[in-house]
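Here is the structure we will look at, set down as structure tokens.
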There are 2 protein chains.
Amino acid sequence: MARTSGSRASETGPRIRAAALRLFARQGYAAVSMRQIAAEVGLQVGALYNHTPDKQSLLCDLMETHMTDLLAACAAQDWPQDPARALEGFVRFHIRFHAARPDAVFMAYMELRNLAPENFERIEALRNAYENRLEVILSQGVACGQFGLSDVRIGTRAVIAMLTGLTTWFRPEGGKTLDEIEEVYVTLVAQAVRV
Amino acid sequence: MARTSGSRASETGPRIRAAALRLFARQGYAAVSMRQIAAEVGLQVGALYNHTPDKQSLLCDLMETHMTDLLAACAAQDWPQDPARALEGFVRFHIRFHAARPDAVFMAYMELRNLAPENFERIEALRNAYENRLEVILSQGVACGQFGLSDVRIGTRAVIAMLTGLTTWFRPEGGKTLDEIEEVYVTLVAQAVRV
DNA sequence: GTCTATAGATGGATAGAC
DNA sequence: GTCTATCCATCTATAGAC
């Protein structure tokens, strides 16, 4: 209560996580040291351990936060009954959500193998829950004859890979706006699965 | 000439590279130690340095070998004049080549950021040369009115991402054979780009 | 809650004997 | 060409002063 020293103490945790996210995404979990994270935040190494039990927990927290944010945002969307319209909505939602947080997406994709086994299982379950949203849409479209997909499971993975791949090359300063790219993807996906 | 000691000395280099490839793909470059690689081959650490100047060169060699193999195989294909048939050929070629070497593909994709800058540039150029093969096919299809793609550059990247994503989940022991999966992808891609 | 200091382990890479 | 032994840097995590 005596000190007001610049910022609330409770903001240090989030700042550490933000720095770790940046660094993990750019250099990879194994290549980033706790010292580097501390320096990025303006702390000494020891101080980090007031905010996380260890490096692995830091990674796991970031991954879990990203996945639960994704699932929450996905659930908050309103999903049209019509499969074709739902699919279009999914493509737009996925692109916008992922393009808005490239670091988290990149990390979530690349660092799965650096999770301890029990952490991996939990994160993997969250990921499957998300992909299931798309799989249900494709199934419904096939069931009612709107989509001509010969294998829903493969189609789901193909579409997810195509959409997520966008974040590996999209740069806001590039020639195309995100809106323009979104339109191209909407068309590509819609045509790919139609009868 | 005196010793025949089990195997030719000249096979040690390839065995080191094979072990490094396996480990880099499974755990990531930064997470793998030279001691681990040596143990996998049945050597002590110091002996590795008779076959590679350092760890970075080992990674770079593996990446470059993979990319030049890919380009050579791609050039050896015979490519139909007709864009639709060429596109089908590309999909089949890409899937087969990549499914046959999942470790190399995974490493080539994940470890780009661990290359020293000058190495990165060289590998990136090789990658662009490969993607250009697809871009040319799509351009020709658009030019002659067979494809309805609204942006060739985006389409190229979307298709590559979709195809390469296959290697992150395909397992030979899974329910589908590679041939079956290949057919699904051929259809998905052909439909995605048609007018 | 952050600091300094350090423990204890492990990393890449080298030297010299064989 | 491989071994043993080692240098030296760096790493994660902890201890204790403030």
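What's counted below: heavy atoms across the whole structure, side chains too, no hydrogens, waters or symmetry copies. Naming convention: chains lettered A, B, ... in sequence-line order (proteins, then strands); numbering from 1 in each chain.
Along DNA chain C, the nucleotide nearest A/Ala47 and the nucleotide nearest A/Arg35 are compared for position; the residue whose nucleotide lies closer to the 5' end is A/Ala47.
Counting to the nearest Å, the P atom of C/dG1 and the CG atom of A/Leu48 are 13 Å from each other. Rounded to whole Å, atom P of C/dG12 lies 13 Å from atom CD of B/Gln56. Separating the CE atom of B/Met34 from the P atom of D/dC7 is a distance of 20 Å, rounded to the nearest angstrom. Atoms OH (B/Tyr29) and P (C/dG11) sit 14 Å apart, rounded to a whole Å. Rounded to whole Å, atom P of D/dT10 lies 15 Å from atom NZ of A/Lys55. Atom CD1 of B/Ile37 is separated from atom P of C/dA13 by 10 Å (rounded to the nearest Å). The CD1-P distance, from B/Ile16 to C/dA13, rounds to 14 Å in whole Å. For the pair B/Gln36 CD and C/dG11 C1', the computed distance is 12 Å after rounding to whole Å.
When heavy atoms are screened at a 4.0 angstrom cut-off, B/Leu43 is found touching the sugar-phosphate backbone but no base atom. Across all strands, B/Val41 comes closer than 4.0 Å to no nucleic acid atom at all (heavy-atom distances).
In terms of modelled atom types and a separation under 3.5 Å, the side chain of B/Tyr29 and the main chain of B/Met107 share no donor-acceptor contact.
The side chain of A/Ser33 places an N or O atom within less than 4.0 Å of a non-bridging phosphate oxygen (OP1 or OP2) of D/dC11.
Each of D/dT4, D/dG1, C/dG1 was ranked by its minimum atom distance to the side chain of B/His51; first place goes to D/dG1. The side chain of A/Tyr49 approaches D/dA13 more closely than any other nucleotide in the set C/dG11, C/dT14, D/dA13.
Under the 3.5 Å distance criterion, with hydrogens and angles disregarded, no donor-acceptor pair is assigned to the side chains of B/Glu64 and B/Asn119.
Here CZ of A/Arg17 is found 12.0 Å from CZ of A/Phe24. Values are rounded to the nearest 0.5 Å.
Taking the six-membered ring where the residue is Trp, B/Tyr109 and A/Tyr109 present perpendicular rings, their angle passing 60° and hence far from 30°.
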Could you walk me through whether A/His98 and A/Phe170 pass ring pair (Phe, Tyr, Trp, His ring centres under 6.0 Å), step by step? CA-CA 11 Å; A/His98 285 71; A/Phe170 173 69; over 10 Å; no
